[in-house]
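Here's the structure we're looking at; comments come further down.
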Amino acid sequence: MNKEKKMNKSIIVTGGAGFIGSHVVRLLVNKYPDYNIINLDKLTYAGNLENLRDVESMPNYVFEKADITDEARIRSIFEKYSPDGVIHLAAESHVDRSISNPLEFVRTNVLGTVILLNAARDYWKDDYDRHRFYHVSTDEVYGSLGETGLFTEDTPYDPRSPYSASKAASDHFVRAYGNTYGMDVVISNCSNNYGSHQFPEKLIPLFILNIKEKRPLPVYGDGRQTRDWLWVNDHARAIDLIYHRGKSGETYNVGGFNEWQNIDLIRSLCRIMDEKLGREEGESEKLLTYVKDRAGHDRRYAIDASKIKEELGWTPSITFEEGLEKTVDWYLENEAWLNNVTSGEYQNYYQQQYENR
Ligand code: NAD
Ligand code: TYD
């Protein structure tokens, strides 16, 4: 059944202090003043309450610092808020970190998801029809494409990194709980997001930071890997739509219709940065440094997002050129945010990740 949920709802958003989660929380808190939005986040290195300063004093927002692998705590949060739904984004999300520490990805992404599912299954057991578990996942579960073709919702799973394997496992558990217990579950698989508030371990914010500081730009391998980029605000809009209007048991692929080879994207970023920083044309490109490839590096991801477009009327709202410029502006205007997240542990991470490449 295609259901529009009633007002006065309570929704737990897990991972709401992270990159995508903070955009989802901001959108929901502002758009639905009658809802109670509970941001459940452990605040790992990637979670940052600074991301939500503009909504933290709103009456329909509340923060719970909690680990999704802490079963007793998760069950008590269900008791406390009687949620109508969960939008589950909490995860370890960076492929490079999954290569150095796969177990952490199993713990959070697989075990954490199952603990949340168990809490929801037991708490909602008398009325699955009025409660929804929405799991936010990635296109990386589908594996790597050749030169042509697109991932559809029917593409067989073929995860190839510890990160994508852990997300694939969590997707399977969510579907299994829908099938076995009759829970109302929905999944979306999205392509690479970019935009404000992204931790500078991922390509775009890392390269903005390095260009700003005139540090080398570490291009993995030949730089010809392809990703499909989507502005994070458009992903948040899609998540809102899917939560409210997506069909129970279905999967929706979300993408930007926007494929770029890494090296072309990086060159565009260099041009924008030269202009914004008043540097000579070509100056930032001189920082390009080809380094050892990522182990098992997936060559190409690309999403066929026609299902969400046709069924739910969703399309991206801005072009990549506009989005990239807005993103660069945000990082340049929010130096304090950047300094804050790159102090301390980030320096160790950066050294370990890049020093011997
Ligand atoms: P992120 O790393 O920026 O944020 C993850 C958030 O989860 C952080 O706030 C962190 O504190 C929290 N978290 C981690 N472990 C937790 C735990 N054990 N308990 C509670 N909270 C915990 O990630 P993101 O890029 O915003 O991604 C969010 C979700 O979207 C993830 O599930 C990811 O797989 C998925 N996704 C991301 C992208 C992308 O391009 N970033 C694309 C598609 C799907
Ligand atoms: P990333 O932002 O880590 O996202 P994902 O691996 O989940 O797609 O990386 C995007 C692309 O950029 C990917 O092909 C790896 C590449 N990359 C680099 O070349 N250098 C870097 O320092 C990083 C972080 C990524």
Side-chain angles (χ1 to χ4, degrees), residues 2 4-5 11 13 15-16 18-33 35 37 51-52 54-55 58 87 89 93 134-139 150-153 186-199 202-205 207-208 226-247 250-260 264-265 268-269 271-273 275-276 301-334 337:
N2 199 355
E4 184 85 44
K5 303 269 177 177
I11 305 176
V13 180
F19 166 48
I20 302 171
S22 62
H23 286 275
V24 171
V25 166
R26 180 174 301 102
L27 184 154
L28 296 176
V29 166
N30 285 312
K31 185 169 171 186
Y32 302 105
Y35 285 20
I37 304 300
N51 295 353
L52 290 163
D54 54 330
V55 297
M58 308 270 273
I87 304 180
L89 296 107
S93 68
Y134 173 14
H135 178 59
V136 176
S137 192
T138 168
D139 62 352
L150 298 171
F151 297 134
T152 72
E153 288 79 1
V186 188
I187 298 179
S188 58
N189 296 85
C190 187
S191 63
N192 287 60
N193 283 217
Y194 71 95
S196 69
H197 304 90
Q198 186 171 30
F199 192 77
K202 308 275 169 43
L203 180 74
I204 290 180
F207 277 40
I208 291 175
T226 301
R227 299 290 183 264
D228 172 355
W229 293 93
L230 177 67
W231 193 42
V232 63
N233 304 61
D234 283 328
H235 188 195
R237 284 174 46 241
I239 288 173
D240 173 29
L241 256 183
I242 292 166
Y243 177 79
H244 287 95
R245 302 208 353 245
K247 288 195 191 115
E250 293 282 317
T251 297
Y252 295 87
N253 279 359
V254 186
F257 305 99
N258 178 42
E259 283 184 54
W260 284 75
D264 297 331
L265 188 164
S268 292
L269 196 57
R271 274 194 296 277
I272 297 175
M273 290 290 286
E275 213 179 287
K276 298 275 177 193
Y301 306 140
I303 281 274
D304 177 353
S306 46
K307 177 173 170 180
I308 184 172
K309 185 175 172 194
E310 279 153 27
E311 284 189 16
L312 303 180
W314 174 91
T315 50
S317 68
I318 60 172
T319 65
F320 189 49
E321 288 69 18
E322 289 168 321
L324 204 52
E325 196 171 329
K326 276 180 194 288
T327 303
V328 167
D329 286 341
W330 187 86
Y331 284 96
L332 293 179
E333 282 159 17
N334 287 275
W337 184 93

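Model, not experiment: these values are computed from the prediction. Any value given below was found using the heavy atoms of this structure, including those in side chains, with hydrogens, waters and symmetry copies removed.
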Any Val232 side-chain heavy atom under 4.5 Å of Gln198 side chain: no

Taken in chain and number order and not counting sequence neighbours, the residues that satisfy side chain to side chain donor-acceptor pair (under 3.5 Å) with Tyr134 are Ser188

Using modelled atom types and a 3.5 Å cut-off, is there a donor and acceptor pairing between side-chain atoms of Arg237 and backbone atoms of Thr315? yes

Distance col, row Tyr194:OH vs Thr327:OG1, nearest 0.5 angstrom, shows 5.5 Å

Identify, with sequence neighbours excluded, every residue that meets salt bridge (charged side-chain N to carboxylate O under 4.0 Å, His left out) alongside Lys276. Glu325, Asp329

Kindly say whether Ala238 contributes a backbone atom to a donor-acceptor pair with the side chain of Tyr243 at under 3.5 angstrom? no

Value for CE (Met273) from CG (Leu324), rounded to nearest 0.5 Å, stands at 10.0 Å

Of all residues at least two apart in sequence or in a different chain, which pass the side-chain contact (heavy atoms from CB on, under 4.5 Å) check with Asn334? Trp330, Trp337

Let me confirm one number: the NE2-CD1 distance from His197 to Ile20, rounded to the nearest 0.5 Å. 13.5 Å

Walk me through it: do Val254 and Trp314 pass the test side chain to side chain contact (heavy atoms under 4.5 Å, CB included)? CA-CA 9 Å; Val254 186; Trp314 174 91; 3.7 Å; yes

By salt bridge (charged side-chain N to carboxylate O under 4.0 Å, His left out), which residues pair with Glu311, not counting sequence neighbours? Lys247

Applying side-chain contact (heavy atoms from CB on, under 4.5 Å) to Ser306 and not counting sequence neighbours gives Asp304, Glu310

Side chain to side chain donor-acceptor pair (under 3.5 Å) against Ser93, all qualifying residues, sequence neighbours excluded: Lys202

Would you say Trp231 and Pro316 make side-chain contact, with heavy atoms under 4.5 Å? no

Does any non-hydrogen side-chain atom of Val25 lie less than 4.5 Å from one of Asn51? no

State whether the number of non-hydrogen atoms from other residues, nucleotides or ligands found under 6.0 Å of Lys326 atom NZ is greater than 12. no

Nearest heavy-atom pair of Gly255 and Ala305: which atoms, and what distance? N-CB, 3.7 Å

When rounded to the nearest 0.5 angstrom, what is the spacing between CG in Leu269 and CG in Leu203? 8.0 Å

Going by atom types alone, do Ser317 and Asp234 pair a side-chain donor with an acceptor below 3.5 Å? yes

Pairing residues for Glu153 by the salt bridge (charged side-chain N to carboxylate O under 4.0 Å, His left out) criterion, not counting sequence neighbours: none

Ser191 versus Tyr301: any side-chain heavy-atom pair under 4.5 Å? no

Applying side chain to side chain donor-acceptor pair (under 3.5 Å), can you list everything that pairs with Ser196, at least two apart in sequence or on another chain? His23

Tell me whether the count of non-hydrogen atoms from other residues, nucleotides or ligands lying under 6.0 Å of CD in Glu275 goes above 12. no

Taking only residues two or more places apart in sequence or in another chain, which ones pass side-chain contact (heavy atoms from CB on, under 4.5 Å) with Thr138? Glu140, Val141, Tyr163, Lys167

Output for pair (Asp139 CG, Ile303 CD1), nearest 0.5 Å, gives 4.5 Å

Ignoring hydrogens and angles, tell me if any N or O in the side chain of Asn30 forms a donor-acceptor pair with the backbone of Leu28 under 3.5 Å. no

Sequence neighbours left out, what passes ring-ring contact (aromatic ring centres under 6.0 Å, His included) with Phe151? Give chain and number order. Tyr142

Under the ring-ring contact (aromatic ring centres under 6.0 Å, His included) test, residues paired with His235 that sit two or more places apart: none

Who are the side-chain contact (heavy atoms from CB on, under 4.5 Å) partners of Asn258, not counting sequence neighbours? Asp228, Trp229, Trp260, Phe320

List the steps, then state whether side chain to side chain contact (heavy atoms under 4.5 Å, CB included) holds for Ile239 with Leu89. CA-CA 10 Å; Ile239 288 173; Leu89 296 107; 4.2 Å; yes

From Ile242 CD1 over to Ile308 CD1, what is the distance, rounded to the nearest 0.5 angstrom? 3.5 Å

Which is it for Leu150 and Glu259 under the side chain to side chain contact (heavy atoms under 4.5 Å, CB included) test, yes or no, and what are the steps along the way? CA-CA 11 Å; Leu150 298 171; Glu259 283 184 54; 4.0 Å; yes

